[in-house]
Amino acid sequence: MALLLLVISFALFYFYMVRAKKGAEISARTFPAVAAIPEAVGRAAEMGKPVYYTTGLGMGTLNNPLNGPQTLAGISILGHVTRLCSRNGVRIDYFTPIVDSLPLVEETMRTAYLMEGNPEGFDTNHIHFQQDQSPYLTASLGYMQRERPASNIMLGGFYYESVVLGEAGNTIGAMQIGGSANTHQLPFLVATCDYTLIMEELYAASAEIAGDPDVLGSLKGEDILKFVVLALLGVGFLLGLANNATLINILRM
Amino acid sequence: MSEVYKRELVFLVAGLVAAVMIVTYFLDIPVLNGLAQQLQVWALIIQLMAIGLGAINLVRVNYRHMQQKTEGLWIFSAWFMVLFAIMLLLGLVGLSTGSENAIYSWVFANVYTSLSSTLYAITGFYIFSAAYRAFRARNIDAAILLIGGVFVILANAPVGAVIWKGFPIIGGWFNISGQVPAMRTFTITGALGLLAYGFRTLLGKESGFYGEAGQ
Amino acid sequence: MSSGNIWDKLQAIDRRVFYWILFIALMIPYLRPIGFPIEINAPAKGIYDELSTVQPGEVCVLSINSGVSAWGDCLPAMVACIRMLAQQDARILVWGMGHTDIDITWQEIMDRSPELKDKVYGEDYAFFGYLPTQETTIALLAEDIRAVFSLDRYSTPIDDLPIMEDVNGADDVRLLLSSDTGDVQGYYIRQWHTKHGTPIGSIGIAMNASGDLPFFLSGDLFGLSGGSRGGAELEQLAGVPGEAITTMDAISVSHLLVVFAIILANVGYFATRGKR
Amino acid sequence: MFFSDIAVGYPTDMGGILGLWAALILMLMIYSYPLYKENFAYRFAEYTYVAVSMAIGIIVTLDSLIRTQLTPLVTKGQLILVIPVILGFMMYFLLVPDYRWVSRYPIAILVGSSMGVGLSSQIIPSILNQIISTIQNPGVGATAIDWFSFVFIAVGTICATMYFLLTYEHKGPIKYTTQAGRYFIMLGLGAYFGNTVLFRLSMLATRAQLFLQVLKIIPM
């Protein structure tokens, strides 16, 4: 049974990845958190304040199997936010303790300003790197007290810094958008942020923004598998009410 | 074509190793089982040998701070280099003589143990101040989250039962049933996400962990 | 003084005031223990029930995948389980993944387990030390322990240990306890339980009581001890009162403070929301 | 090895008492940050931790490598294990920018093996068993609460899984079930939040306990 499900899922992923590559219209659904980004940048423009953006501790490296993908998703959304900031003349400050992500961050922000026809807008001083979690937190809290950013965007692999940054953003009244696939930090992001991307939504949002056909194709494949799971759950629940265990025995084969 | 050994061959190696593991999980082929176990021993050796990477990176960053005399940091970096060298030497002496060096084990048992628990527990402070200043029922989501959270807090703390019989009952129900739909959905959708991520890795579509970072 | 600025003043209280209140509040129960009764929940009962069916001579494994920093959550439960297994003359193998301070954790467990004092190392229990965290290594251990450990922690060849006589892999192990801050217990479920049927018990930090719950309910875990609360329940069940039960009073006081803070914050929020 | 952080009973030997006081002073240096403000003592203690833990990490890992793999390589003469040792050294090319590709081969083995092992084995426990235990009714003799929980969990899991449909807009008929799904998820995150509070405060509690123990206010 497990082998069957593995083969079916690989076939579905491959089928939709090929279709997405051939230009079939596959897109992620609209996420309130992503739809709120223009509002966050607009708010910064009105108040003449900067935007604070961070992708969290992510265990300090891109090469971490659990946090690497989350940090990369946060950086690809950073490109989208930087373009909006350049268009509205708003300054964006990026904070990170991940040393091996710096080349990618610089490249992402530089291309974003270039694509907005504003290459001189890019300034490496807007990228703030600190060696470890505590210096990164202290620098971020100091920045928030001094600059009082209008919006605080936290998307990536977070650890307990989500509590500290979320609270600091709250006390200066910033509009906050959060997102992570680390379950242990989601409660704090939901409690302190106005909008939150939960678990896989972070990857779907970044794939949509980056227009990555492979990821979008496999997301469609995942959704089809979710329909299979939903059908099994629905039918199984009704059979359960009727005290009939045939489906359970089939699944146990 | 010259780039093949830098990318495509690497993905082929990763894909073949993964394929061996998948096949041996489902089918019992002695020859393949032997190969799978050999590869698993190799993976263990490689991972054990990679510990130096983190250390070299740390030494490099701190050395740069010392060189540039970065204001407010270089003294600590110097202290890091000195202490790191001493502890490493004491440890190596212990390894070579077969019996742990007395100072090394004293520092390990007292300095390391206290700092490790203390630094990790600092989050207890933050959660308390955040509870007061940030955890507000600003929308329905946050309201449900906080109500569920308070019931579980008062079910976990023995005093909850003393205040009102209902807390351990309702909180206990949250702990054993109320949170199950969410946790089960995270488990299922997380597993499907891993299947997709694994499949993209097999096809060489995922390259973040090769240090190519998103190219 | 209109009600508006009472809440603003309360809002403006310096964060450090809270930290001092919390730190002192945590000490009071240690000075004057209160001893609220502790109710037993199903997940911790699951561990106690399975462990009490272990027969003398059966091989049990403790995999210590939590560090010194998580002693508050994991150490009491590990001590309670080891003391139970020692009382039942089980053979105990110990190793650990991911935390390089495992030697200290195992030494602390031995210090707190009087039952181990009259046990013979190499016959009743054996310690193999640190391994890096990786699912492939756990899969290898399930097939052939000797492919990973050819020597024990003290460099004694594995075949010179009488305890290891008929023990080769997961099929010879009665049950495995995994103490975790991360998700190594998931690796054991997949590589030991699903493939070899070895019962797995999880002794985790408190958050694992949520994350691992689906696997307890689906039968992939025979039991689940979450945090110091799980440790206190196991200490009570096994009749070996220890640090977790004394910590429970401090938990009660501090948890009341957190609930009070949340209520105050939300009352303040709704009182001033009309004004903003 | 002698140590005394939370050893059973107050230490009598000099090394033990010194160790206990070192533990207390270091703790106060760290907590000077939240209880006062970020200062020299906190930074000093933090860098001490980074240096000591990295050195210990290397020693313990080296010991594990020599003990578990290299000694058998020499004694049993499994020369084939020379290959992974070479692959292990190839990892360090990650630090040499223009030869970084060399490190991709050992990483490929690490990633390929853990991906292969994890992928195939998670389908039964994380997908099939979760479906089975959701649709298994509480059986004979179950109380009303058991049946309520059975319906609650089944309906909740269906709605929450619908919420995670990522390439279909939440409009039309599934608008309400996905909204309900998000509320079920919030309930789960609330319980997770409650357990996180227990986790963080338990650790701080044992630190407060140590503070009293070192000052001999309460027994060890």
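In what follows, chains carry the letters A, B, and so on, assigned in the order in which the sequence lines appear, proteins first and then strands, with residues in each chain numbered from 1. Because only heavy atoms are used, hydrogens play no part in the values below, and waters and symmetry mates are left out as well, while side chains stay in.
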For residues Tyr112(B) and Trp106(B), establish whether the separation of their ring centroids is below 6.0 Å. no
Which atom pairs, one a donor and one an acceptor, fall under 3.5 Å between side chains of residues 177-191 of chain D and the rest of the protein, sequence neighbours left out?
residue: Thr177(D); atom: OG1; partner: Ile174(D); partner atom: O; Å: 3.1
residue: Thr178(D); atom: OG1; partner: Ile174(D); partner atom: O; Å: 2.6
residue: Thr178(D); atom: OG1; partner: Lys175(D); partner atom: O; Å: 2.9
residue: Gln179(D); atom: NE2; partner: Tyr183(D); partner atom: OH; Å: 3.0
residue: Arg182(D); atom: NE; partner: Asp141(B); partner atom: OD2; Å: 2.6
residue: Arg182(D); atom: NH1; partner: Tyr163(D); partner atom: OH; Å: 2.6
residue: Arg182(D); atom: NH2; partner: Asp141(B); partner atom: OD2; Å: 3.0

Check whether more than 12 heavy atoms from other residues, nucleotides or ligands sit under 6.0 Å from atom OH of Tyr168(D), and answer yes or no. yes
Pair Tyr31(D), Phe125(B) - check ring pair (Phe, Tyr, Trp, His ring centres under 6.0 Å), show working. CA-CA 10 Å; Tyr31(D) 286 160; Phe125(B) 288 118; 5.1 Å; yes
Heavy atoms only, distances under 4.5 angstrom: which of Ile122(B), Leu16(B), Val180(B) has the most pairs with chain D? Name it, please. Ile122(B)
Quick one: of Ile86(D), Val50(D), Val155(D), who has the most non-hydrogen atom pairs under 4.5 Å with chain B? Val50(D)
Heavy-atom distances under 4.5 Å only: say whether Leu35(D) touches chain B with side chain, backbone, both or neither. side chain
Quick one: what part of Leu154(B) sits under 4.5 Å from any heavy atom of chain D, side chain, backbone, both or neither? neither
Chain B contacts, top residue of Gly57(D), Pro125(D), Ser149(D), Gly112(D) (heavy-atom pairs, under 4.5 Å): Gly112(D)
What residue in Ser64(D), Ser53(D), Ser121(D), Gly118(D) has the most heavy-atom pairs under 4.5 Å with chain B? Ser121(D)
Interface residue of largest heavy-atom contact number with chain D, from Ala19(B), Gly149(B), Ala43(B), under 4.5 Å: Gly149(B)
Chain D contact via Gln47(B) - which portion, at a heavy-atom distance below 4.5 Å: both
Flag the one option from Ala182(B), Ser177(B), Ala121(B) with the top tally of heavy-atom pairs under 4.5 Å to chain D. Ala121(B)
Please state whether the side chain, the backbone, both or neither of Pro34(D) comes within less than 4.5 Å of a heavy atom of chain B. side chain
Under 4.5 Å from any heavy atom of chain B - which part of Gln130(D): both
So what's closer than 4.5 Å to chain D heavy atoms on Leu195(B): side chain, backbone, both or neither? both
Is it the case that Asn156(B) and Asn175(B) place a side-chain donor and acceptor less than 3.5 Å from each other? yes
Chain D contact via Ser116(B) - side chain, backbone, both or neither, heavy atoms under 4.5 Å: both
Greatest number of non-hydrogen atom pairs under 4.5 angstrom with chain D, of Gln179(B), Met49(B), Met81(B), falls to Met49(B)
Heaviest contributor of heavy-atom pairs below 4.5 Å to chain D, chosen from Tyr104(B), Phe26(B), Phe199(B), is Tyr104(B)
Looking at Leu201(D), Val197(D), Leu198(D), which one has more heavy-atom pairs under 4.5 Å with chain B than the rest? Val197(D)
What closest approach, in Å, do Met91(D) and Ile107(D) show between heavy atoms, and which atom pair accounts for it? SD-CG1, 3.8 Å
Please classify the contact of Phe128(B) with chain D as side chain, backbone, both or neither, using a heavy-atom distance under 4.5 Å. neither
Can you tell me which portion of Ile147(B) sits under 4.5 Å from chain D's heavy atoms? Options are side chain, backbone, both or neither. neither
Is a donor from one side chain sitting under 3.5 angstrom from an acceptor on the other, for Thr24(B) and Asn33(B)? no
Pick from Phe164(D), Phe150(D), Phe152(D) with the largest number of heavy-atom pairs that fall under 4.5 Å of chain B: Phe152(D)
Are there more than 12 heavy atoms of other residues, nucleotides or ligands under 6.0 Å from atom CD1 of Ile103(B)? no
Does any part of the side chain of Leu115(B), heavy atoms only, come nearer than 4.5 Å to the side chain of Val111(B), both counted from C-beta? yes
When every non-hydrogen atom of Gln122(D) is compared with those of Ala191(B), the smallest separation belongs to NE2-O, 2.9 Å
At a 4.5 Å cut-off on heavy atoms, which part of Thr48(D) comes close to chain B: side chain, backbone, both, or neither? both
Sorted by chain and residue number, the side-chain contact (heavy atoms from CB on, under 4.5 Å) partners of Ile169(B) (sequence neighbours excluded) come out as none
Heavy-atom contact with chain D under 4.5 Å, split by part of Tyr126(B): side chain
Of Val152(B), Leu48(B), Val13(B), Leu83(B), the largest count of non-hydrogen pairs under 4.5 angstrom with chain D goes to Leu48(B)
According to the interplanar angle, ranging from 0 to 90°, do the rings of Tyr33(D) and Tyr42(D) count as parallel (below 30°), tilted (30 to 60°) or perpendicular (above 60°)? tilted
For Thr161(D) and Arg184(B), run side-chain hydrogen bond (donor to acceptor under 3.5 Å, both in side chains): C-alpha distance rounded to whole Å, both residues' side-chain angles, the deciding distance at 0.1 Å, then the answer. CA-CA 9 Å; Thr161(D) 307; Arg184(B) 193 159 274 163; over 6 Å; no
Which region of Val23(B), side chain (C-beta onward) or backbone (N, CA, C, O), has a non-hydrogen atom less than 4.5 Å from a non-hydrogen atom of chain D, or is it both or neither? neither
Counting only heavy atoms closer than 4.5 Å, note whether Ile127(B) contacts chain D via side chain, backbone, both or neither. side chain
Quick one: which of Ile58(D), Ile127(D), Leu70(D) has the most heavy-atom pairs under 4.5 Å with chain B, could you say? Ile58(D)
Side chain, backbone, both or neither: which part of Phe193(D) has a heavy atom under 4.5 Å from chain B? side chain
In terms of heavy-atom proximity below 4.5 Å to chain D, should Thr189(B) be classed as side chain, backbone, both, or neither? side chain
Pick one: which of Leu204(D), Ile30(D), Leu28(D) meets side-chain contact (heavy atoms from CB on, under 4.5 Å) with Thr118(B)? Ile30(D)
Taking Ser114(B) for its side chain and Asn110(B) for its backbone only, find out whether a donor-acceptor pair lies under 3.5 Å. no
Check this for me: Phe89(D), atom CZ, are more than 12 non-hydrogen atoms of other residues, nucleotides or ligands nearer than 6.0 Å? no
Side chain, backbone, both or neither: which part of Ser202(D) has an atom under 4.5 Å from a heavy atom of chain B? neither
May I ask you to check whether Phe40(D) and Phe76(B) place their ring centres under 6.0 Å from each other? yes
Which atoms of Leu95(B) come close to chain D, meaning under 4.5 Å heavy atom to heavy atom: side chain ones, backbone ones, both, or neither? side chain
Under 4.5 Å heavy-atom distance to chain D, tell me which part of Met87(B) shows up: side chain, backbone, both or neither. both
